[in-house]
Amino acid sequence: MDPEDSSEFEEDNDDEEEEDDDLMLLILPAVYLASTGIGTLDQTSMVTDATAIETPSQVSKFNDAEWICKVLEDDRGQGYDKLRVEPHILLELSRYLRSNDLLRNTRGVSVEEKIGMFIYMLSRNASFQKLNDRFKYSTETIHRHIKACFDAVTPMTAEFVKPPLTQAHRKISSDTRYQPYFENCIGAIDGIHVPVTISDSEAAPYRNRQESLSQNVMLACDFDLNFVYVSCSREGSASDAAVLYSAIESGFEVPRGKYYLVDAGYANTPSFLAPYNEVPYHTEEQDESNFQPMDYRELFNVRHAQLHRHIKRTVGLLKMRFPILNVATSYRKDTQLKIPSAAVVLHNIIQRQGGNEELLCEQTIPFASHKTVDVPSGDDTYGYDVSAFNSECDMGNALRDGIALRMWADYQSSISACMSDFRIEKAGLKEY
């Protein structure tokens, strides 16, 4: 059964479903006293070992409650590698949800524990049975709380996934490689395929060019590694350009005179600037001292790649925090299609609260997954399948050429100046 199914439960059944929760009313105060040293809790019984998490049948309900409290109290400790979010961030998120009446404490289950369940699900691809075993609540209670978290977190995109600022970002304005050429760039866009599990009767449109099933998710980010837009639920057979156009029809806007950087799978337009086709596109950091572009197009592609990689890094962080995005899940279709939006919201909250990226990269977390499937990494080239973009390509090409030629002229001038200085210095050494 899926979180969506919990809506069919009648209100009259709630008391029966939450009978298992009542004990928490006595446990939480006891845990608080124990954590302050007033109680008599045997500290050796704490769940502090990462391996203990994987043997839920050996963990008491008392320790489940104590575990959530320790996550909130310990600003480093064991909480992070269990939930993939630092405890102080979990606490701030819970306060926000509670103060905005998006989630409420229910009998024996706090907002903090509900969010703990939710993040545990996203970071482990945890089934409802695994959540049931781990948190020691009835299946119906787990369903209801997970559904409540989806209902609370997914709409938060309006608050936490906002359009970027229109002025030049300091990443651009402070670097002569990008300023003034990319002064009107406000971010980068890329598409990712998220595997899905769907019935045979609905599978056809979700079958991508790798013959696996996925949804094509469009993501846009700024240069601070925050997402500024997410579009979910498009079928895996849809091209990146088609997903972008669908997002525009749904309200995604680019301010006049501004643009996002996109890869070759998108049309080159005044609002979405793509690299030159059939020209080397250097995806790795270039050694500026040795790099010698052959012409203005190659130079443009290098600078474009250096900025566009911010979306690659942002997506990489998202998938490290929520590796459920890498595998097909056992949840029903509607729930699967919501997962990317929920993950993006949580990512942005973690970024705002100063989540530690280095510690994230150091974590190795047991993760339940199905058999790995191949999914496309993005379209190689734009397929001219969106007529609305086709009519804008000439204007996009003119904008790109103008930027590239100005960049090339300045680059050549700097090379000439360096050569002149070198000749002067060499002549001076000979005279000496």
Side-chain angles (χ1 to χ4, degrees), residues 164-190 220-223 240-241 244 254-313 378-384 389-427:
L165 299 176
T166 56
Q167 62 262 35
H169 189 274
R170 63 182 179 277
K171 175 70 178 179
I172 293 174
S173 61
S174 63
D175 195 323
T176 56
R177 293 177 299 175
Y178 314 126
Q179 178 68 19
Y181 320 109
F182 293 104
E183 60 187 356
N184 290 320
C185 177
I186 57 175
I189 289 175
D190 201 6
C221 78
D222 61 19
F223 296 107
D240 288 350
L244 172 57
V254 182
R256 182 179 294 275
K258 305 298 179 180
Y259 55 82
Y260 287 89
L261 299 182
V262 296
D263 63 24
Y266 299 87
N268 184 57
T269 74
S271 297
F272 307 103
L273 210 60
Y276 287 97
N277 287 326
E278 300 179 359
V279 176
Y281 189 71
H282 303 272
T283 56
E284 302 297 331
E285 182 71 41
Q286 298 295 313
D287 184 347
E288 295 293 333
S289 62
N290 295 324
F291 173 61
Q292 296 181 341
M294 300 300 295
D295 58 25
Y296 68 94
R297 298 179 303 165
E298 187 173 350
L299 177 62
F300 176 88
N301 276 12
V302 168
R303 298 287 186 257
H304 185 287
Q306 290 168 341
L307 283 176
H308 188 261
R309 69 166 178 260
H310 281 80
I311 185 65
K312 302 294 185 183
R313 183 181 175 193
D379 294 335
D380 296 329
T381 57
Y382 173 56
Y384 295 94
F389 290 154
N390 296 342
S391 62
E392 297 183 15
C393 286
D394 288 343
M395 292 184 292
N397 292 342
L399 172 63
R400 182 175 61 189
D401 286 344
I403 294 173
L405 289 169
R406 182 168 43 150
M407 187 187 299
W408 178 249
D410 292 343
Y411 175 78
Q412 288 184 308
S413 296
S414 66
I415 294 297
S416 297
C418 289
M419 292 299 295
S420 177
D421 291 342
F422 175 75
R423 285 193 293 268
I424 292 173
E425 181 179 354
K426 187 176 181 180

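This structure is a prediction, so every number in the text was calculated from the model and none was measured.
- Using a 4.5 Å cut-off on side-chain heavy atoms (C-beta onward), Pro255 and Ile186 make contact.
- Partners of Asp222 under the salt bridge (charged side-chain N to carboxylate O under 4.0 Å, His left out) rule, at least two apart in sequence or in another chain, do not exist in this structure.
- For the pair Tyr296/Met407, no side-chain contact is recorded, criterion being any heavy-atom separation below 4.5 Å from C-beta on.
- Interatomic distance, CD of Gln167 versus NZ of Lys258, reported as 8.0 Å (0.5 Å rounding).
- Side-chain contact check for Asp263 and Tyr281: no donor-acceptor pair (N or O, by modelled atom type) lies under 3.5 Å.
- Counting non-hydrogen atoms of neighbouring residues, nucleotides and ligands closer than 6.0 angstrom, the CZ atom of Arg313 reaches no more than 12 such neighbours.
- Partner of Tyr382 under the side-chain hydrogen bond (donor to acceptor under 3.5 Å, both in side chains) criterion, chosen from Asn277, Asn268, Asn390: Asn390.
- No side-chain heavy atom of Thr269 sits less than 4.5 Å from a side-chain heavy atom of Tyr259.
- The OG1 atom of Thr176 sits 10.0 Å away from atom CG of Asp410, with the distance rounded to the nearest 0.5 Å.
- From Asn184, atom CG reaches atom CD1 of Ile403 across 7.5 Å, with rounding to the nearest 0.5 Å.
- To the nearest 0.5 Å, atoms CZ (Phe272) and CG (Leu244) are separated by 4.5 Å.
- Counting heavy atoms from C-beta outward, Pro164 and Phe223 have side chains that stay 4.5 Å or more apart.
- Asn301 contributes atom CG, which lies 11.5 Å from atom CD of Glu278 (distance to the nearest 0.5 angstrom).
- When all heavy atoms of Ala264 and Pro275 are compared, the pair lying nearest together is N-CD, 4.0 Å.
- For the pair Asp175 and Phe182, the minimum side-chain heavy-atom distance is 4.5 Å or more.
- In this structure the side chain of Val302 never reaches within 4.5 angstrom of the side chain of Pro293, judged on heavy atoms.
- Put simply, the side chain of Val279 does not reach to within 4.5 Å of the side chain of Phe300, judged on heavy atoms.
- Checking side-chain atoms of Asp240 against main-chain N and O of Gly378 turns up no donor-acceptor pair under 3.5 Å.
- In summary, the aromatic rings of His304 and Tyr276 are positioned with their centroids too far apart to meet the 6.0 Å limit.
- A donor-acceptor distance shorter than 3.5 angstrom exists from the side chain of Asp295 to the backbone of Glu298, with no hydrogens or angles considered.
- The structure places SG of Cys185 at 10.0 Å from NE2 of His310, a figure rounded to the nearest 0.5 Å.
- Listed by chain and number, the residues in a salt bridge (charged side-chain N to carboxylate O under 4.0 Å, His left out) with Arg400 amount to none (sequence neighbours excluded).
- Scanning for salt bridge (charged side-chain N to carboxylate O under 4.0 Å, His left out) contacts around Lys312 gives Asp190, with sequence neighbours left out.
- At least one donor-acceptor pair under 3.5 Å links the side chain of His308 to the backbone N or O of Ile189.
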